[in-house]
Amino acid sequence: MRFSATSRRPAKGKATRYAAPQIAAKRCASVGVAVYSLISYLLLYLWGDSVLQIPRGGWFEYVSAANYFGEIVEWTGWAIATGSPSAAVFALWTAFNLGPRAVSHHKWYKRTFRAYPKERKALIPFVL
């Protein structure tokens, strides 16, 4: 692989074998950002009320901690896109930090709201 003189990118017209995984990782990170942004908007809307409510809409239909799910997806995509060991450690740290919090929030929702959806998971849709 030959690099151009001005950058570390491959010379024009030269494809790399890392192009497809990086594109997929960037899309993963973009989806994570979109999920996190939408969920943050929904949470801010709920926090404006003085009455506790069950979060609804978007990814909240699948998981209790949709904001945590979006953040984990975002940082995982970033770690894959950069290929950096420090990015991978950060993504793992984020997952290990937010995972137990998501489970705790899920249990609180189930204790607090009798009508809480039984099919809703804590963090990972259809799994956990």
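Please read all numbers here as calculations on a predicted model, not as lab measurements.
The number of heavy atoms from other shown groups lying within 6.0 Å of CH2 (Trp108) is above 12.
Atom CG in Leu92 sits 14.0 Å away from atom CH2 in Trp75 (nearest 0.5 Å).
Nearest heavy-atom pair across Tyr116 and Lys110 is CD2-CG, 3.8 Å. When all heavy atoms are compared, the tightest approach of Ser84 to Ser86 is OG-OG, 2.8 Å. Of all the heavy atoms in Phe69 and Val63, the pair that sits closest is CB-CG2, 4.5 Å.
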Can you give me every donor-acceptor pair (side chain of residues 94-107, partner residue at least two apart or in another chain, under 3.5 Å) with its distance?
from: Thr94; atom 1: OG1; to: Phe90; atom 2: O; distance (Å): 2.8
from: Arg101; atom 1: NH2; to: Tyr68; atom 2: OH; distance (Å): 3.2
from: His106; atom 1: ND1; to: Ser64; atom 2: OG; distance (Å): 2.5

